[in-house]
Undergrad: 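Here it is, the structure, as structure tokens.
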Amino acid sequence: MAQGEVLEFEEYVRTRQDALLRSARRLVPDPVDAQDLLQTALVRTYGRWDGIADKRLADAYLRRVMINTRTEWWRARKLEEVPTEQLPDASVDDSTEQHADRALLMDIMKVLAPKQRSVVVLRHWEQMSTEETAAALGMSAGTVKSTLHRALARLREELESRDLAERGARALEPGEERERCAA
């Protein structure tokens, strides 16, 4: 790669790093994994930087590399992992409602398959159109729509089941009414 292109890539990374890290963070829930994902995608993109004719499309190219990398990681995960019926409670450092909602959303996003998660992230967080999402993921617009529909239905299901579980847990807590019944 020519020196000018190296400088161009460095400038691109400097200016777009925060936005790209936010995209990576939306694809993988762990902040350290998100940094690793971005770094891996940047290394892969660096080797092909001179092949990107229109540098205005570099963000889309890099997001695609991140999605492909995340999918590779997901496929390579250890098979000893056993899914559980109940996900652990999301840890929330800040007590504000907005942070609690964000933590809950990131936690329930784990129930989605990688393809569904990618569609939800690109459509709702990255605010891409159906056509842009389809192009970025290499699928038809109809597939994007149906995948998004199924993903949102799955997220609603998960939210409802957590709400029911939370209500059931509250009902089992010892309270004043139980004490009156025992007396």
Undergrad: Atom CG in L27, atom CH2 in W73: separation rounded to 0.5 Å?
TA: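 Reported to 0.5 Å precision, the distance equals 10.5 Å.
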Undergrad: How many angstroms lie between OG1 in T15 and CD in E10, if you round to the nearest 0.5 Å?
TA: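 Spacing of OG1 (T15) from CD (E10) equals 12.0 Å.
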Undergrad: Do the side chain of T143 and the main chain of M139 share a donor and acceptor less than 3.5 angstrom apart?
TA: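 Flag not set: sc T143 to bb M139 has no pair under 3.5 Å.
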Undergrad: What are the two closest heavy atoms between A134 and A141, and how far apart are they?
TA: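 Looking at all heavy atoms of both residues, the closest pair is CB-N, 3.8 Å.
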Undergrad: Using 0.5 Å steps for rounding, measure from the CG atom of L38 to the CD atom of Q17.
TA: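 That separation rounds to 7.0 Å.
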Undergrad: Salt bridge (Lys or Arg N to Asp or Glu O under 4.0 Å) for E72 and R75? Distances and angles first, verdict last.
TA: CA-CA 5 Å; E72 288 171 17; R75 287 179 180 156; over 6 Å; no
Undergrad: Counting only heavy atoms not in R14, do more than 12 sit closer than 6.0 Å to its CZ atom?
TA: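 Result for CZ/R14: enclosed.
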Undergrad: Return the minimal non-hydrogen interatomic distance between T69 and R44, and the atom names on each side.
TA: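 Looking at all heavy atoms of both residues, the shortest contact is OG1-NH1, 2.9 Å.
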Undergrad: With a distance cut-off below 6.0 Å to the six-membered ring centre and an angular limit of 45° from the axis, does K115 pair with W74 as a cation-pi contact?
TA: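 Pair K115/W74 does not count as cation-pi.
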Undergrad: With hydrophobic residues grouped by side-chain heavy-atom distances under 4.5 Å, do I67 and L57 end up in a single group?
TA: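 In one cluster: no.
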Undergrad: Check whether any side-chain heavy atom of Y12 sits under 4.5 Å from a side-chain heavy atom of I52, and report yes or no.
TA: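 In short, these two side chains do not touch, never coming nearer than 4.5 Å.
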Undergrad: Which atom names give the shortest non-hydrogen contact between A151 and V120, and what distance separates them?
TA: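 Here A151 and V120 meet closest at CB-CG2, 3.6 Å.
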Undergrad: Does any non-hydrogen side-chain atom of L42 lie less than 4.5 Å from one of V65?
TA: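 They are not in contact (no side-chain heavy atoms under 4.5 Å apart), so the answer is no.
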Undergrad: Hey, could you give me the CG/OG1 distance between D36 and T40, rounded to the nearest 0.5 Å?
TA: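 So the CG of D36 and the OG1 of T40 are separated by 6.0 Å.
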Undergrad: Please report the shortest heavy-atom distance between P29 and M106, naming the atom on each side.
TA: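 Taking every non-hydrogen atom into account, CA-CE, 4.1 Å.
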Undergrad: I need the single residue from M109, R63, M128, M66 that forms a side-chain contact (heavy atoms from CB on, under 4.5 Å) with V121. Which is it?
TA: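 Testing V121 for a side-chain contact (heavy atoms from CB on, under 4.5 Å) against M109, R63, M128, M66 leaves exactly one candidate, M109.
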Undergrad: Hey, mind stepping through Y61 and D54 against side-chain hydrogen bond (donor to acceptor under 3.5 Å, both in side chains) and telling me if it holds?
TA: CA-CA 10 Å; Y61 182 88; D54 187 356; over 6 Å; no
Undergrad: Would R154 and E158 pass as an ion pair if we require N to O under 4.0 Å?
TA: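 Yes, charged N to carboxylate O under 4.0 Å.
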Undergrad: Using modelled atom types and a 3.5 Å cut-off, is there a donor and acceptor pairing between side-chain atoms of K55 and backbone atoms of W49?
TA: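 Yes; judged by distance alone, with no hydrogens or angles, the pair exists.
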Undergrad: For the residue pair Y46 and F9, categorise the inter-ring angle as parallel (less than 30°), tilted (30 to 60°) or perpendicular (more than 60°).
TA: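 Correct class here is perpendicular.
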Undergrad: What heavy-atom pair brings V119 and T147 nearest, and what distance separates the two atoms?
TA: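 Between these two residues, the closest heavy atoms are CG2-CG2, 3.9 Å.
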Undergrad: Okay, side chain of E160, backbone of E157: is any donor-acceptor separation there less than 3.5 Å?
TA: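 Looks like no, no N/O pair under 3.5 Å.
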Undergrad: Which residue, R22, R26, R64, R25, forms the salt bridge (Lys or Arg N to Asp or Glu O under 4.0 Å) with E126?
TA: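 Of all the options given, the one that passes is R26.
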Undergrad: Around atom NE2 of H124, are there more than 12 heavy atoms of other residues, nucleotides or ligands at under 6.0 Å?
TA: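 Enclosed: over 12 neighbouring heavy atoms sit under 6.0 Å from NE2 of H124.
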Undergrad: Side chains of T130 and T133: any donor to acceptor distance under 3.5 Å?
TA: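 Checked: T133/T130 side chains show no N/O donor-acceptor pair below 3.5 Å.
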Undergrad: What distance separates Q39 CD from L20 CG, expressed to the nearest 0.5 Å?
TA: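 So the gap between those two atoms works out to 11.5 Å.
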Undergrad: Applying side-chain hydrogen bond (donor to acceptor under 3.5 Å, both in side chains) to R70 and S118, what does each step give before you reach the verdict?
TA: CA-CA 10 Å; R70 195 269 335 267; S118 297; 2.7 Å; yes
Undergrad: Quick check for you: to the nearest 0.5 Å, what is the distance between S140 atom OG and E131 atom CD?
TA: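 It is 11.0 Å, given to the nearest 0.5 Å.
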Undergrad: Decide whether L62 and V43 are clustered together by the hydrophobic rule: side chain heavy atoms of Ile, Leu, Val, Met, Phe, Trp, Tyr closer than 4.5 Å, transitively.
TA: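 Looking at the clustering, V43 is in a separate group from L62.
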